[in-house]
Enquirer: 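Please find one structure pasted underneath; my questions will follow.
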Amino acid sequence: MLLDKIEKANDIKKIDKSHYGELAEEIRQFLIQKISVTGGHLGSNLGAVELTMALHLALNLPEDKIIWDVGHQSYTHKILTGRKDGFDVLRQFHGMSGFPKRKESSYDAFDTGHSSTSISAGLGLVKARDLKGEKTTIVSVIGDGSLTGGMAYEALNNAAKLETNFIVILNDNNMSISENVGGVSKYLNNIRTATGYLDLKEGIYNALKSKPGGDGIVNRLRRAKSSFKQLVIPGMFFEDMGVTYLGPVDGHDIHKLTRILNEAKRVDHAVLVHVMTKKGKGYVPAEENPSRFHGTGPFDIPSGTAVGKKATDSYTDVFSKVLADIGKQDEKVVAITAAMADGTGLARFAKMFPQRFFDVGIAEEHAMTFAAGLAAGGMKPVFAVYSSFLQRAFDQTIHDVCLQNLPVFIAVDRAGLVGSDGETHQGVFDLSFLLEIPNLTVMSPKNRWEMADMVRFAVDFPYPVALRYPRGEAYEGLKEFRTPILYGKSEVICRESGIAILFIGHMSELGESVWKAMKEAGYRCSLINARFAKPLDTEMIRDLCRDHQLIVTIEENVLAGGFGEQVVQYVMQSGEKTRVRTIGISDDYVEHGNVEVLRKEVGLDQETIVAQIKEDYLMIKED
């Protein structure tokens, strides 16, 4: 196999050109086989095989740098840099990451995981290169989806001022190529990047500028040239920004790709290469349903069907069904997503109420302020967003939603540890940054039934509210406890004395198991479902302090600024003598891996918590 000859970076350059197509096919089959077992991002990687090969042929790694936007299309890059064996433990704890990681390989130039960042990072690397007097090539690869993020345009605007080479690859798997436009633009690409043409153009401009009135002539020539190009070049938007546009080019033709990349390397400023690819290419199920295979679990290769499909509804499923049901009864309810309709469960609402559904693209900042505008206009906006992506709309949450006290419902999906996607996707910061915002109510459900009740509560709540819930199956325990949702009030599961376990949201299952273990060990122990992280149920905490020597808070969030710290602060300021033990995630990033493994690693497991409680309680008794 040709793939066996790829043991390290630049080995691809030893492969005969006539065998590039065969190597591309072997890479695709390798990816399908491996990802069908481990799960991972399949569609985006199948679509970027030839593009990645061409980049490795045109560049000299690791001196030259590739920055992959998001990074979920970097699997072929990992193969070509000698990491084939890592695919057996892809996205597993201590295994190979599904995203670029500088600590994993010197060939990964920049850690990525969120979209629209690659051009900014690439521009920074370009400036660092120039300041050091180096002559390397820097390439940022960004998808058409990521180009919907405003940060990408901020970076392009800045890049337009460059007077040295910087290549941006637009990997477009959505738009079609117009043959006649493509033919004309190909001709213009060739003459505009030829060394002779570039030298002649600058020579003419410089000569004219030296003559009286020359600046005016040059400006008129440039305007005339731009007017002509507007008719024949599809990338005039980029050209108008000051970025040279090359393309579109077939993203599955390695020879054309390599040639245009070498042309792009000769441009002495920022240049954008428009590459057309097909997401999921080479695997029919992924071609027919690219969103299903964007991020997939293990699957059966012949049919493409998932292996070990979930048996019960997830929290996202419950949200999806309840919101759609509410939508039937209330025409003021509108739903917003930042390019994650399927992932957040809003696809159901979109199908039923297309006029009241808005996909704004990968633009969380815009989505939040857009929601604020809808609320100011009398609607009931629901913005469903992953916890780790909500971080990007922090300013808008403060300034545009909460400052005006507008009734925006923020559905915070994937809160807590999400597992295999790793550090960039773990939703372990939202409680900390949401709890500090005035006017914002923050709540979290203990099980599927409370999830449904909280969605209904949040939709009708007349002020800003965030409902955080995790990825995965909704807990079906504690179903006999379904106290009506009362603003700012917690729920008593068991009231005794001595030790009180106070959990928030989906830590219910863990909290219940710790409570049972303590009871079995002979301790008197209360179990409380906090429900609201904000406002804090201070009345309940005061009551617990009367006859409990230890309060234990459990949250799947970083401890700094989290729910537990709010409890500690209140108890201390109240002058109570009750000790508080906060259980959560320490001041660190959590890598990729199975969620249960990660919880054990960070100390969010029954055995670790029970041992800590016993130790704390013994110290209290000794005091």
Enquirer: Can you see whether Asp342 engages His294 through a side-chain donor-acceptor pair at a distance of less than 3.5 angstrom?
Expert: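 No.
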Enquirer: Measure across Met96 and Glu104 and return the closest heavy-atom pair with its distance rounded to 0.1 Å.
Expert: CG-OE2, 3.3 Å
Enquirer: Considering all heavy atoms of both residues, which atom of Asp108 and which atom of Lys101 are nearest to each other, and what is their separation?
Expert: OD2-N, 3.0 Å
Enquirer: Indicate whether any N or O donor in one side chain lies under 3.5 Å from an N or O acceptor in the other, for Ser303 and Asp300.
Expert: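 Side-chain D/A pair, Ser303 to Asp300: present.
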Enquirer: Can you see which heavy atom on Leu2 is nearest to which on Glu26, and at what distance?
Expert: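 Distance-wise, the nearest heavy atoms are N-OE1, 3.0 Å.
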Enquirer: Start with the C-alpha gap between Arg28 and Glu50, add the side-chain angles, then the distance that decides, and say whether side-chain contact (heavy atoms from CB on, under 4.5 Å) holds.
Expert: CA-CA 10 Å; Arg28 283 196 169 86; Glu50 288 88 357; 2.8 Å; yes
Enquirer: Side chains of Ser146 and Asp144: do they bring a donor and an acceptor to under 3.5 Å?
Expert: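 No pair is found: no donor N or O on one side chain lies under 3.5 Å from an acceptor on the other.
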Enquirer: Looking only at the side chains, is there a donor atom on one of Gln29 and Gln33 sitting less than 3.5 Å from an acceptor on the other?
Expert: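 On atom types as modelled, these side chains do not qualify, holding no pair under 3.5 Å.
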Enquirer: For Thr316 and Gly343, which heavy atoms make the closest approach, and how far apart are they?
Expert: CG2-O, 3.6 Å
Enquirer: Below 30° counts as parallel, above 60° as perpendicular, anything between as tilted: where do the rings of Phe394 and Phe433 land?
Expert: perpendicular
Enquirer: Could you go through residues 382-391 and list every donor-acceptor pair under 3.5 Å that involves a side-chain atom there, pairing it with any protein atom two or more places apart or in another chain?
Expert:
{"from": "Tyr386", "atom 1": "OH", "to": "Arg414", "atom 2": "NH2", "distance (Å)": "3.2"}
{"from": "Ser387", "atom 1": "OG", "to": "Asp430", "atom 2": "OD2", "distance (Å)": "2.7"}
{"from": "Gln391", "atom 1": "NE2", "to": "Ser388", "atom 2": "O", "distance (Å)": "3.3"}

Enquirer: Without hydrogens or angle criteria, can the side chains of Asp172 and His274 be said to hold a donor-acceptor pair below 3.5 Å?
Expert: yes
Enquirer: Scan side-chain atoms only and decide if Thr136 and Asp64 contain a donor-acceptor pair under the 3.5 Å cut-off.
Expert: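 On atom types as modelled, these side chains do not qualify, holding no pair under 3.5 Å.
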Enquirer: Kindly say whether Glu591 contributes a backbone atom to a donor-acceptor pair with the side chain of Gln426 at under 3.5 angstrom?
Expert: yes
Enquirer: If you compare all heavy atoms of Ile336 against all heavy atoms of Ala367, which two are closest, and at what distance to 0.1 Å?
Expert: CG2-CB, 4.0 Å
Enquirer: I want to check something: taking the side chain as every heavy atom from C-beta on, are Ile138 and Asn165 in contact at a cut-off of under 4.5 Å?
Expert: no
Enquirer: Mind checking whether His56 and His77 have parallel, tilted or perpendicular rings, split at 30° and 60°?
Expert: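 Ring orientation of His56 relative to His77: tilted.
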Enquirer: Just by modelled atom types, is the Gly98 backbone N or O under 3.5 Å from a matching donor or acceptor in the His41 side chain?
Expert: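 Flag not set: sc His41 to bb Gly98 has no pair under 3.5 Å.
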Enquirer: Where is the tightest heavy-atom contact between Val126 and Phe166, given as atom of each residue plus distance?
Expert: CG2-CD1, 3.5 Å
